[in-house]
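When a residue number appears, it is its place in the shown sequence, counting from 1. Just so we're clear, the structure is a prediction, and the values are computed from it rather than from any experiment. All heavy atoms count here, side chains included; hydrogens, waters and symmetry mates do not. Just so you know, ligand 1 is whichever comes first in the structure, and atom 1 is the first atom listed for that ligand.
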Amino acid sequence: MIEYRNLRIALLGGGSVGAQVASLLLAHGEELANRVGAGLELVGVAVRDIDAERTPAIPRHLLTTDAESLILGADIVIELMGGLEPARTYILQAINSGADVITANKALLATHGPELFEAAEQVGAQLYYEAAVGGAIPIIRPLRDSLAGDRVKRILGIVNGTTNFILDRMDLHGDSLEEALATATQLGYAEADPTADIEGYDAAQKVAILASLAFHTTVPLDAVHREGITTITQEQVLSARKAGYVVKLLAICERLTDAETGTEGVSARVYPALIPDTHPLAAVHGANNAVFLEAEAAGSLMFYGAGAGGIETASAVLGDLVSAARRHVIGGPGVAESTHAEIPVLPISSVTTRYQITLEVADEPGVLARIASLFSEHSVSVEAVAQSVAAIASGTDATRATATLVIGTHEATEAALAATVAALDRSDVVTAVVSVLRVEGL
Ligand code: NAP
């Protein structure tokens, strides 16, 4: 039995996600109202072009180009326009007019999150953003609520579906990066300009959001170390598979202590890495996303599912809508974003991890010993060496026989690794440093 007044919902954006949110809200309004205890009235949808075709269609009388008027008088504003402006200005207007806000805008949160959360806290409003990371996958609320009594140690995430699709094609179909990207574009998994995905910008925005939430501290986007997948080759992916690994673009955040300075901090980074083919993240195929989380008491947890898609993402938005609406009905101020910990964010040089280095070397007696000593001179300990069949090098030194060495290391710092790779590059027994990949998830 609903006794509370209808809540006025304003939707900013009627694109891939917005049109699905409008459609689901109109179709399931009564059921959602029963879950909330108040009617949810969609009062309008702000778009740029009222005449544009939308899938699913939005009733024409709801469409407007006047977002500002729509925001005024709304109880809950859902921002699904994307981009930094005018989304930021509209969200601030909504908060300052007393509305709760729901957004799926990771770029905006990673860039202006602290400003928006601060504005919400000042007026006791709530900013919900479950859809901003991992599309349909519940990860924000589990971090904010379910794990609020635990201590998160580490998160390894596959949070970009486009790059996972590409790497998966390279692994399972033997495609080159270019072929896999072309297929991703054809199937609608990659945008016309795929830079944000393949260069790791999208994943970096998401890991900044996850790290801030998991470690109760502000992690600015420019403190996230970022490497994309554009240098990954078919050979690297196939030889990884032979050695029992899979290449994934990982978004990683963790608590760590800098070995040199003893500073305790958090690290947030994105790069392609090898993970054992037995790791749960290795089984994440296609454009799916997953977040693998290790907490002190809970142990390992994995959240898996569709990381994008209009209707899938709309599910997360509507979950936020039900939460926001319930808060209106129950009353009380919003819960502020908890960034009390103020833990320093450490640079990539503080990170220690394992590496797999592939070298083309002269196939001569004593070469292995010389390479091993280069590693030990730079305090990088070798765990395993595999050597492939010798070949005859081409180029200027056409008669020199070469062999391929794949060297796995124990944990080492990024700084030690960089110095080792530079020394290998200079060494006269190394014909080429073919590939350097980090190994995670061991
Ligand atoms: P989209 O398809 O490009 O839709 C954007 C909508 O916003 C369009 O309806 C557009 O109007 C409207 N819009 C843009 N600028 C406007 C302005 N200045 N004034 C009024 N309306 C404006 O975007 P989307 O894919 O739905 O994504 C929306 C948000 O969800 C983004 O922040 C995105 O990162 C996030 N997200 C998307 C997905 C996904 O799978 N698509 C997944 C997770 C998160 P017109 O239609 O008239 O052009």
**Item:** Aromatic ring pairing Phe165/Tyr189, orientation class (parallel under 30°, perpendicular over 60°, tilted between)
**Value:**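 Aromatic pair Phe165/Tyr189 classed tilted.
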**Prompt:** For Lys248, which residues count as a salt bridge (Lys or Arg N to Asp or Glu O under 4.0 Å) partner, sequence neighbours excluded?
**Reply:**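 Expected list: none.
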**Item:** For Glu227, salt bridge (Lys or Arg N to Asp or Glu O under 4.0 Å) partners two or more places apart
**Value:**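 Counting only residues at least two positions away or on another chain, Glu227 forms a salt bridge (Lys or Arg N to Asp or Glu O under 4.0 Å) with Arg438.
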List the atom pairs, donor and acceptor, that lie under 3.5 Å between side-chain atoms in residues 123-144 and the rest of the protein, sequence neighbours left out.
unit_1 : atom_1 : unit_2 : atom_2 : d
Gln126 : OE1    : Val335 : N      : 2.7
Gln126 : NE2    : Val335 : O      : 3.0
Tyr129 : OH     : Glu337 : OE2    : 2.5
Glu130 : OE1    : Ile140 : N      : 3.4
Glu130 : OE1    : Arg141 : N      : 2.8
Glu130 : OE2    : Ile139 : N      : 2.8
Glu130 : OE2    : Ile140 : N      : 2.9
Arg141 : NH2    : Asp320 : OD1    : 2.6
Arg141 : NH2    : Ser323 : OG     : 3.3
Arg144 : NH1    : Glu337 : OE1    : 3.0

Polar pairs, ligand 1 vs protein, N/O only, below 3.5 Å.
unit_1   : atom_1 : unit_2 : atom_2 : d
ligand 1 : 2 (O)  : Ser16  : N      : 2.9
ligand 1 : 2 (O)  : Ser16  : OG     : 3.3
ligand 1 : 9 (O)  : Gly14  : N      : 2.8
ligand 1 : 9 (O)  : Gly15  : N      : 3.0
ligand 1 : 11 (O) : Arg48  : N      : 3.2
ligand 1 : 26 (O) : Ser16  : N      : 3.2
ligand 1 : 26 (O) : Val17  : N      : 2.9
ligand 1 : 34 (O) : Lys106 : NZ     : 3.3
ligand 1 : 40 (O) : Gly309 : N      : 2.7
ligand 1 : 46 (O) : Arg54  : NH1    : 2.7
ligand 1 : 46 (O) : Arg54  : NH2    : 3.3
ligand 1 : 47 (O) : Arg48  : N      : 2.9
ligand 1 : 47 (O) : Asp49  : N      : 2.7
ligand 1 : 47 (O) : Arg54  : NH2    : 3.1
ligand 1 : 48 (O) : Arg48  : NE     : 3.2
ligand 1 : 48 (O) : Arg48  : NH2    : 3.1

**Message:** What I want to check is whether the side chains of Asp66 and Thr64 have a donor and an acceptor closer together than 3.5 Å.
**Reply:**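 Their side chains do not contain a donor-acceptor pair, so the 3.5 Å distance test is not met.
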**Request:** Establish, from distance only, whether the side-chain atoms of Glu85 and Thr89 form a donor-acceptor pair under 3.5 Å.
**Result:**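 There is such a pair (donor and acceptor under 3.5 Å, judged by atom type) between the side chains of Glu85 and Thr89.
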